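Have a look at the structure below before the remarks.
Proteins get letters first, then strands, A, B, ... in listed order; numbering begins at 1 in each. The model shown is predicted, which means the values in this text are computed figures rather than measured ones. As a basis for the values below, the full set of heavy atoms in this structure was taken, side chains included, without hydrogen atoms, waters or symmetry mates.
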Amino acid sequence: MEELNQVLTQRRQKAQELAELGVNLYANDFKPAHRINDILAKNDNSDAPLEEGVKSVAGRIMALRKFGKAAFVQIQDETGRIQVYVKRDELGVEVYQIFKKLDVGDIVGFGGVLFRTQTGELTIDAASLKPITKSLRPLPEKFHGLTDVETRYRQRYVDLIMNPEVRDTFRKRVEIIRLIREFLINRGFMEVETPMMQAIAGGATAKPFKTHHNALGMDLYLRIAPELYLKRLLVGGFEKVFEINRNFRNEGLSTRHNPEFTMLEFYQAFATYEDLMDLTEEMVSYVAAEVTGSMTVSYQGQEVDLSPPWKRYTMDEALVEVGGVDPAVLADLDCTRQFAKEKGITLEPLSGHGKAKTELFELLVEEKLINPTFVTQYPTEVSPLARRNEKNPEVTDRFELFVTGREIANAFSELNDPIDQKERLTKQIAERGNDEEIFPEMDEDFVRALEYGMPPAAGEGIGIDRLVMLLTDSASIRDVILFPHLRPESK
RNA sequence: GGGUCGUUAACUCAGUCGGUAGAGUAUCUGCCUUUUAAGCAGAGAGUCGCGCGUUCAAGUCGCGCACGACCCA
């Protein structure tokens with residue numbers, strides 16, 4: 001138990017004194033009839049007469065300016081803040097006695113009629129007062145608020161009380177997800193739920209979290225991707241499915257990585273990756289316009305234009321046009337490898353042309369793609385689950401979407417040839433066989449599903465956290481996750 | 001994993017050359033019935049992240065650790 005300092009002790013004493021005055025410190029019998037923002041909105045014209053009648057609101061005291069026998073109180077509910085004017089002569093001596101023991105941070109209810117102060121501020125003239133919840137801890141200072149990022153993440157509840165822009169970011173996050181759902185459902189997609197705990201962590205290459213099921217006596221992994229299950233649903237005959245849910249990857253934390261993060265994955269039968277480029281353009285620009293009211297967003301000082309159509313490059317085109325690479329270098333494997341080496345890239349002896357190009361792309365091109373850009377024709381070598389291009393089997397019918405230099409989406413026409421798929425998975429497993437933190441295993445059931453026949457389809461994953469970062473101008477993924485992972489507090 | 005920076009009152013921050021710690025807000029007391037970071041007068045409040053070392057003396061210098069931020073891998 002934390003030792004009580006002076007301030008905490010005084011709060012507890014006040015709470016005791018209020019209790020002795022007959023106040024229920026944690027009452028739950030006050031039903032506010034109005035929300036603060038509604039009152040503000042309906043009375044925002046300073047020339048028009050104010051609404052008549054008693055308003056009742058409940059919220060947290062955020063500021064308290066006390067005079068001898070009167071006071072101005074700022075109270076905040078979920079929707080906003082309003083000022084309340086409290087007078088001893090109106091409330092009566094006994095109620096005012098109780099009022100004087102209230103603190104910033106307490107939750108109270110007020111009833112009264114509206115008026116404007118001499119400076120024109122809309123104010124409730126309190127006729128009644130109801131203490132609802134006593135706060136035993138002081139809020140941060142009123143001018144600077146709470147700025148310490150560690151405390152903001154560890155005590156998000158205080159962050160949310162103090163920082164309206166943080167509340168706004170998380171409202172936008174919810175809205176973005178709602179709009180995506182609506183968009184997909186309106187186009188005939190069905191939202192599904194697939195296992196978060198999987199016996200084989202497939203669908204991506206990443207280190208999984210391991211857990212154990214006692215009754216079954218077996219290890220399970222938290223999923224790194226839902227992909228292989230969503231494809232099983234295509235086999236089952238559902239033609240347009242999506243899932244918005246958490247993936248878990250047992251890797252480092254950074255401004256762009258949280259061990260659990262939210263992915264949208266969707267799959268559409270009889271569609272190609274080109275269809276998904278159109279859909280993605282439409283969906284993201286629609287969501288952006290709805291959430292921000294504009295097709296251009298400012299991200300960390302950069303202007304980003306989201307209006308469609310978006311630029312589309314093949315990887316080779318992007319290397320030449322954006323990365324400034326000589327086309328002759330890309331034409332020949334040895335030239336490409338040599339060029340990559342000059343750029344400081346170390347390649348495994350067995351890695352081929354595609355791997356070299358992808359490394360060069362990451363180094364020379366990615367960070368330059370500020371406005372939304374689709375990059376297509378990813379090498380087959382780095383795309384184990386994607387369908388080969390009919391004309392050039394070295395590349396796949398795949399794209400990634402980049403905005404502000406970051407990957408936002410990854411999509412491809414899905415490989416549905418079970419023989420090819422099994423070979424590629426076998427190769428992939430062999431390649432990562434030495435990493436003890438990855439648990440490679442052939443998903444025989446997935447291959448069996450493909451053997452029944454999966455309709456041709458295209459699928460896509462969109463990192464929701466990164467999309468929310470873009471649309472809320474947030475520098476860190478921790479600013480768009482309510483409770484980001486941190487190390488335990490020391491002590 | 002490496003580098004840089006940070007950690008001082010509940011919050012936001014100062015702290016000089018190493019000499020036993022300061023401000024504003026918040027809190028407490030008194031005055032104050034239209035304030036807007038309300039005002040005036042007074043008071044209390046600190047394990048200077050943790051540990052070890054150097055020194056007569058450490059918030060300050062050194063080393064280690066913890067937590068966080070940013071950059072790099």
Side-chain angles (χ1 to χ4, degrees), chain A residues 2-17 40 46 50 60-76 81-93 95-96 99-106 112-127 129 134-159 161-163 207 250-258 300 343-346 359 362-363 367 405 437 474-479 484-491:
Chain A
E2 173 185 3
E3 208 166 310
L4 294 184
N5 65 30
Q6 184 194 34
V7 180
L8 297 183
T9 308
Q10 281 168 347
R11 285 268 172 135
R12 278 168 164 71
Q13 271 170 13
K14 273 194 185 176
Q16 183 63 32
E17 288 162 19
L40 297 175
S46 53
L50 295 172
R60 194 181 295 275
I61 297 175
M62 297 303 292
L64 205 44
R65 293 183 282 274
K66 287 183 184 175
F67 299 80
K69 300 175 187 66
F72 288 93
V73 186
Q74 288 279 341
I75 74 159
Q76 168 175 295
R81 277 191 197 194
I82 196 167
Q83 179 167 265
V84 179
Y85 186 41
V86 176
K87 291 194 298 277
R88 190 190 67 174
D89 291 350
E90 192 164 346
L91 286 179
V93 176
V95 174
Y96 200 77
F99 169 75
K100 285 208 292 188
K101 295 200 183 298
L102 296 180
D103 291 304
V104 172
D106 290 352
V113 298
L114 296 174
F115 76 106
R116 284 192 194 279
T117 64
Q118 290 175 351
T119 54
E121 181 162 349
L122 185 68
T123 303
I124 294 173
D125 189 12
L129 154 72
K134 184 66 190 162
S135 167
L136 298 179
R137 287 181 182 266
L139 289 177
E141 186 229 347
K142 62 189 168 192
F143 191 55
H144 298 92
L146 180 66
T147 61
D148 181 80
V149 290
E150 187 173 352
T151 311
R152 287 186 42 229
Y153 298 149
R154 288 196 196 280
Q155 298 178 237
R156 183 69 90 183
Y157 38 91
V158 182
D159 191 27
I161 291 170
M162 297 305 296
N163 295 317
K207 297 171 184 171
N250 203 346
E251 293 169 359
L253 285 71
S254 79
T255 50
R256 295 180 212 180
H257 299 88
N258 196 58
Q300 306 293 298
K343 291 288 173 186
I345 295 168
T346 26
E359 293 277 344
E362 286 173 10
L363 182 70
E367 64 178 15
E437 289 174 303
S474 299
S476 169
I477 197 170
R478 297 184 194 101
D479 293 322
H485 284 282
L486 298 174
R487 286 193 168 85
E489 286 179 81
S490 49
K491 175 182 153 185

If you compare every side-chain N and O of A:Arg88 against the phosphate oxygens of B:C32 (OP1, OP2), does one of them come in below 4.0 Å?
no
Can you check whether A:Arg487 has a side-chain N or O nearer than 4.0 Å to OP1 or OP2 of B:C67?
yes
Pairwise P distance, B:U4 and B:G62 [rounded to whole Å]:
13 Å
For A:Glu251, the salt bridge (Lys or Arg N to Asp or Glu O under 4.0 Å) test, sequence neighbours excluded, returns none
Checking all strands, does A:Gly252 fall into the base, sugar-phosphate, or nothing category for heavy-atom contacts under 4.0 angstrom?
nothing
On a whole-Å scale, what distance lies between the C1' atoms belonging to B:U29 and B:A21?
25 Å
Across the strands shown, which category fits A:Arg478 at heavy-atom distances under 4.0 angstrom: base, sugar-phosphate, nothing?
sugar-phosphate
Tell me what A:Thr255 touches on the nucleic acid: a base, only sugar-phosphate, or nothing, going by heavy atoms under 4.0 Å.
sugar-phosphate
Holding to side-chain hydrogen bond (donor to acceptor under 3.5 Å, both in side chains), I want the full list of residues that pass it with A:Thr117, two or more places apart in sequence or in another chain.
A:Thr119
If we take the P atom in both B:G1 and B:U12, what is their distance in whole Å?
29 Å
Protein-nucleotides 28-30 of chain B N/O pairs closer than 3.5 Å?
residue	atom	partner	partner atom	Å
B:C28	OP1	A:Lys14	NZ	2.3
B:C28	O4'	A:Gln10	NE2	3.4

Quick check for you: among B:A45, B:C11, B:A69, whose closest atom lies nearest to any side-chain atom of A:Tyr153?
B:A69
Given that both pair distances must be under 3.5 Å and the pair must be Watson-Crick or G-U, what runs of three or more consecutive pairs involve RNA chain B?
B:1-7 with B:66-72, B:10-13 with B:22-25, B:27-31 with B:39-43, B:49-53 with B:61-65
Output one line per pair: protein atom, nucleotide atom from nucleotides 5-7 of chain B, and distance, for all N/O pairs under 3.5 Å.
none

Salt bridge (Lys or Arg N to Asp or Glu O under 4.0 Å) involving A:Asp479 - partner list, sequence neighbours excluded
A:Arg152
Non-neighbouring partners of A:Glu90 that pass salt bridge (Lys or Arg N to Asp or Glu O under 4.0 Å), sequence neighbours left out:
A:Lys87
With A:Lys343 via salt bridge (Lys or Arg N to Asp or Glu O under 4.0 Å) - residues at least two apart:
none
Got a list of side-chain donor-acceptor pairs under 3.5 Å for residues 140-148 of chain A, not counting sequence neighbours?
residue	atom	partner	partner atom	Å
A:Glu141	OE1	A:His144	N	3.4
A:Glu141	OE1	A:His144	ND1	2.7
A:Glu141	OE2	A:His144	ND1	3.2
A:Asp148	OD2	A:Glu150	N	3.4
A:Asp148	OD2	A:Thr151	N	2.9
A:Asp148	OD2	A:Thr151	OG1	2.7

In whole Å, measure the gap between the P atoms of B:G39 and B:G51 for me.
40 Å
What is the nucleic acid contact for A:Leu139, judged by heavy atoms within less than 4.0 Å: base, sugar-phosphate only, or nothing?
nothing
Compare the minimum distances between each of B:A69, B:A26, B:U12 and the side chain of A:Pro138, then state the nucleotide with the smallest one.
B:A26
Between the protein and nucleotides 34-39 of chain B, which nitrogen or oxygen pairs are less than 3.5 angstrom apart?
residue	atom	partner	partner atom	Å
B:U34	O2'	A:Gln118	OE1	2.3
B:U34	O2'	A:Gln118	NE2	3.0
B:U34	O2	A:Gln118	N	3.0
B:U35	O2	A:Arg65	NE	2.7
B:U35	O2	A:Arg65	NH2	3.1
B:U35	O2	A:Gln83	OE1	3.3
B:U35	N3	A:Gln83	OE1	2.9
B:U35	N3	A:Gln83	NE2	3.0
B:U35	O4	A:Gln83	NE2	2.5
B:U35	O4	A:Thr117	OG1	3.0
B:U36	O2	A:Glu121	OE1	3.0
B:U36	N3	A:Glu121	OE1	2.6
B:U36	O4	A:Thr117	OG1	3.2
B:U36	O4	A:Thr119	OG1	2.1
B:A37	O3'	A:Lys142	NZ	3.3
B:A38	OP1	A:Lys142	NZ	2.4
B:A38	OP2	A:Arg65	NH1	2.6
B:A38	N6	A:Lys66	O	3.3

Phosphate OP1/OP2 of B:G68: any A:Arg154 side-chain N/O under 4.0 Å:
yes
If the condition is side-chain hydrogen bond (donor to acceptor under 3.5 Å, both in side chains), which residues does A:Gln83 pass it with, not counting sequence neighbours?
A:Arg65, A:Thr123
Under the side-chain contact (heavy atoms from CB on, under 4.5 Å) test, which residues partner A:Ser135, sequence neighbours left out?
A:Arg11, A:Asp106
Write down the distance separating the C1' atoms in B:A37 and B:C5, rounded off to the nearest Å.
30 Å
